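Step one of this worksheet: look at the structure below.
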There are 2 protein chains.
Amino acid sequence: MSSGYVTLGQVAEAAGVSLATASRVLNGSTSTRQVGEELRERVTSSARALGYLPNASAQSLARNSSSLVGLVVHDIADPYFSSVAAGVTQMVEEHGLVLVLGTTDRAPGKESTILAALRSHRAKAVVLVGSRSTDAESTEQLTREIEMFRQQGGRVACVSQPVLPADTVCPDNHAGAAELARRLIEQGHRKFALLAGPNNLSTARERMDGFHSALATAGLEPDHQDVMHGDFTRDGGYASTERLMKLGTEATCLFAVNDVMATGAIAALRDLGVQVPGQLSVAGFDDIPTLRDLTPSLTTVRLPLEQMGRQAAELVLGEEEHDEPRLIDVHGEVLIRESTRPPT
Amino acid sequence: MSSGYVTLGQVAEAAGVSLATASRVLNGSTSTRQVGEELRERVTSSARALGYLPNASAQSLARNSSSLVGLVVHDIADPYFSSVAAGVTQMVEEHGLVLVLGTTDRAPGKESTILAALRSHRAKAVVLVGSRSTDAESTEQLTREIEMFRQQGGRVACVSQPVLPADTVCPDNHAGAAELARRLIEQGHRKFALLAGPNNLSTARERMDGFHSALATAGLEPDHQDVMHGDFTRDGGYASTERLMKLGTEATCLFAVNDVMATGAIAALRDLGVQVPGQLSVAGFDDIPTLRDLTPSLTTVRLPLEQMGRQAAELVLGEEEHDEPRLIDVHGEVLIRESTRPPT
DNA sequence: GTTAATGTGGGAAACGATTTCCCATCACGA
DNA sequence: TCGTGATGGGAAATCGTTTCCCACATTAAC
C-alpha cells in the first residue's frame, strides 16, 4: 500500500483464490470459462477494496497486444490536423483505448520512427494522417514499416494518403478542385493564379490537377496560369503571394490549394493593399472550422475533417478484418462565399 | 522471423553471448559495468542484422516505468489546446519519449479516468492543461489521483490550473486582464460588456476579476457592467452576444475572456449588423495564432501558448526532482489592434 | 454402478526484458 | 608461487498477467 502497487496476486490472496481465478474474474469471463458467482463476487469486491489497477505493461506482455492506438500527424497546431485528430481521439476513447500522438514536423523519416515505436509498444492500430512527400526512399521505408506493423497484428489506416497499401479515407481532391474551378469560371474568371504548395505532396498535386483539368475542359489553357509553389502553411501562403504579386499577374482569382495558405494569401494581399475580392478573388480548400469567421469569408471546398478522422478510426477499430485495403471516398462540397466574386 | 518478433534472446544467441551481456550492451552499459569492445560490436551488429526492436511492454514491466508521457486537454480541436499541445509534443519527442493524448470533452470525471490509465501504463509524467470547473467532488478525486500518480514515481505538471498541487505554468490572468482594461479605458471606454465564460472556471473567473478590479481602480463601477455567462467556445460566444444584444446594452466595448469567444462575438455582431469596432469594440484574450488573420484583427492579450506547453513539459521531464511545487508565471502582453477603438 | 461428460478451480509455464548474484579468468605484486 | 583485486560474462530471479493443462467434483447416461 505504502509503496503504491496492488498486484493481482494480492487481490487473489485477499479473496482466498488463486491467481488464475482472479485473472479470469477480472477479465470479464475469458470466453467459455465460468467462475462461481460467489467467488466472482469475492474477487471483485476485494479488488475494489484494495484499489487494484492492472499493470498495463504486464498485460501487454502476456497478451502480446496493448490498448494503444497511434495517430500520426505533421503538426498538431495546424487546424487541419487538429480537426482530424479530434475525430480520431473521439472514436479511440469510445472504444476504451488509449491514443498515442506522434508528430512528424514534416520530416521525411519521422513517420517510420514513430511507427517503430508503436510496434515496440505492440499498438493495436495506427492512423496516418496527411499526404507525405512522394520521396521514393522514405515511402519505401514507410511501406516496409507498415508491413511489419501488420505482421505483428496491428491495423493501419490512412487519411489523405492514397498511395499507401492500407485502408484509406480520402477526399476526392481532384473532383473537388475541378468543381470549384467550374464554379469560379461560371463566375466569370478566366485567368487564375495557383498557390500550389510543395509540388511533391499528393494532396497538393491532386487539387492542382483537378483544377487544371477543369480549366482545360472549359477551353482555358492551364499553361497560361501562374503557379507558385511553397509551404503548405499560412506563412507559406503569405510568402508565395508576395512573390506572385511582385512578379505581377493578370489573374482575377487566386486559388490556394488549402485554406491555411489562402489565409496567408489574404493577409499578404491586405498588406499589399490589394482588395479581396474587389481586386482579386481568393479561394481555398478544406473549410477549416477555425477559419470560418474570416472576413471576407473564404470560398472553399468543405471537407468533413472530424468525420474523416472518425471514419479512419472506425476502419481500424471495427470488428471485421478485411484482407484487401478499403477506400472511403469523401466528397467535398464547394462553398462560394465572400472571398470570390465575378471579376470587374 | 516469419511470425514477426525478434527477441533479445535471439540476438544474444546470434552473437554467441548471454542474454545478460546482450542487455548490457543495448542499454548503453549499465552504470559501471564494462563490456568488451569486440563483444559489444558483435551484439550491436547482430541486433541490427536481425532487426531487433525491444519489446516496450517487457521493458516497462522489468523497469517498472515506461517511456510514456501523458497530455490531458479538453478538446484538441480547440486552437488554444492544440497550440499548447504542440509545445508539449515537441519537448516529449525531443526527449525520445512517447506522447499519450487524452481528451476530457470537458466532462468532470474524465481527467481522473485518464490519469488512472496513465498510472496503469506506468507513465513517466503527465501534463494537465486547461482550467477545470471548481466542482469540489471531482477536484478532490483528481487530487487523490494525482497523489497516487506521484507515489508511483510519476511527475505532474499543469498549465493554467493553479489550484492543483503540482508544478504549474500559469498565465497571470488577473494582471493581463487588468492591463487590458486599463488600455481600453485609456481609449475612452467607460461602459463594458463581459463575455465571461462558465463562471466556475478559474481562468474565466480570474480574467473577469482582473478586468473588474482595473475598472474599480479607475473609479468605474464594475456592477454596472453587463456580464454574460456561457460556453468557453466560439458558439458560446456567439450565443452570449446574441443574448446580450437582444437584452440591449450601453456598452461601447465588449470583452470576451478568450479569443475563441471573441470570434463568436464578432460573428454574431456581424450577423446583427453591428459594426466592429465602429459601433462596438471587441477584445479577447490569448492571441490564438490561427485567429490572428481575423478582420478586424483582435485586440487581445498575447500568451505564448506553445512555449507554455514546452515549459510545462520541461518542468516534468527535466532532471531535478523538486519537492515543493514550482510555479512558472507567464506574462501576457496586451495587443491593441483593430477590433477596438475609441468610442464615438 | 461404472464411465463419460461437464463444470470449476489451482498449478505452473509462458511473455521478454532487466538486474542481481556469483563464477571464471587474468594480471600483478609480494 | 600464491594470494588479491579487478574485470568480463553467465545463470537465474524477477516484474504482473494470461493461459494452458490437469485435478477434482458433480451429474448424466448407459
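All values below were derived from every heavy atom in this structure, side-chain atoms included, with hydrogens, water molecules and symmetry-related copies excluded. Since we're looking at a predicted model, the values are computed, not measured. Protein chains get the first letters and strands the later ones, always in sequence-line order, with residue 1 at the start of each.
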task = Choose from C/dA17, C/dG10, D/dG10 the nucleotide whose nearest atom is closest to any side-chain atom of A/V17.
result = C/dG10
task = For A/E13 and D/dG16, give me the distance from atom CD to atom P, rounded to whole Å.
result = 14 Å
inquiry  = Measuring to OP1 and OP2 of D/dG9, would you say a side-chain N or O of B/T21 lies under 4.0 angstrom away?
reply    = no
inquiry  = For residues 95-116 of chain A, which residue pairs pass the ring-ring contact (aromatic ring centres under 6.0 Å, His included) check, not counting sequence neighbours?
reply    = none
request  = Figure out the CD/P separation between A/E38 and C/dG7, and round it to whole Å.
outcome  = 20 Å
note = Assign each of B/L39 and A/P54 the nucleotide of DNA chain D bearing its closest heavy atom; nearer the 5' end lies the nucleotide of B/L39
request  = Mind calculating the distance between CD (A/Q10) and C1' (D/dT17) to the nearest angstrom?
outcome  = 14 Å
query = Tell me the salt bridge (Lys or Arg N to Asp or Glu O under 4.0 Å) pairs involving residues 85-102 of chain A, sequence neighbours left out?
reply = A/E93-B/K110
task = State which of C/dA12, C/dT18, D/dG16 makes the closest approach to the side chain of A/A20.
result = C/dA12
key: From D/dT19, D/dG16, D/dG9, nucleotide with atom closest to B/L61 side chain   = D/dG16
request  = May I ask you to verify if any side-chain N or O of A/S18 is less than 4.0 angstrom from the OP1 or OP2 atom of C/dG9?
outcome  = no
A/E37 CD to C/dG9 P, straight-line distance once rounded to whole Å = 11 Å
task = Provide, to the nearest angstrom, the distance between the CZ atom belonging to B/R63 and the P atom belonging to C/dT20.
result = 13 Å
request  = Report the nucleotide, chosen from C/dA17, D/dC20, D/dG10, that has the shortest atom-to-atom distance to any side-chain atom of A/R24.
outcome  = D/dC20
query = Is there a donor N/O on one and an acceptor N/O on the other, under 3.5 Å, for the side chain of A/R122 and the base of C/dG16?
reply = no
query = Is the shortest side-chain N to carboxylate O distance from A/E37 to A/R40 below 4.0 Å?
reply = no
task = Might you point out which heavy atoms bring B/F149 and B/V126 nearest each other, and give the distance in Å?
result = CE2-CG1, 3.8 Å
query = Could you give the CG-to-C1' distance, from A/L8 to C/dG10, as a whole number of Å?
reply = 14 Å
query = How sharply is the helix from C/dG1-D/dC30 to C/dA30-D/dT1 bent, taking the axes over five pairs at either end and rounding to 10 degrees?
reply = 60°
From D/dT18, C/dA17, D/dT17, nucleotide with atom closest to A/N27 side chain = D/dT18
key: Nearest-angstrom distance from the residue atom CG of A/N55 to C1' of D/dT18   = 13 Å
ask   = Just checking A/L19: base, sugar-phosphate only, or nothing, at a heavy-atom cut-off of under 4.0 Å?
value = base
task = Return the set of residues passing ring pair (Phe, Tyr, Trp, His ring centres under 6.0 Å) with A/Y80 (not counting sequence neighbours), or none when no residue passes.
result = none
task = Respond yes when some side-chain nitrogen or oxygen of B/Y52 is under 4.0 Å from OP1 or OP2 of C/dA17, and no when none is.
result = yes
ask   = NE2 of B/H121 versus P of D/dT17: gap in Å, rounded?
value = 13 Å
ask   = Are A/E306 and A/R310 ion-paired here, with the side-chain N under 4.0 Å from a carboxylate O?
value = yes
remark   = In short, salt bridge (Lys or Arg N to Asp or Glu O under 4.0 Å) pairs touching residues 48-71 of chain A with sequence neighbours left out are none
Pair listing, salt bridge (Lys or Arg N to Asp or Glu O under 4.0 Å) test, anchored in residues 69-84 of chain A, at least two apart = A/D78-A/R106
query = Heavy atoms under 4.0 Å, any strand shown: does B/N64 hit a base, just sugar-phosphate, or nothing?
reply = nothing
ask   = Would one find a side-chain N or O of B/Q59 under 4.0 angstrom from OP1 or OP2 of C/dG16?
value = no
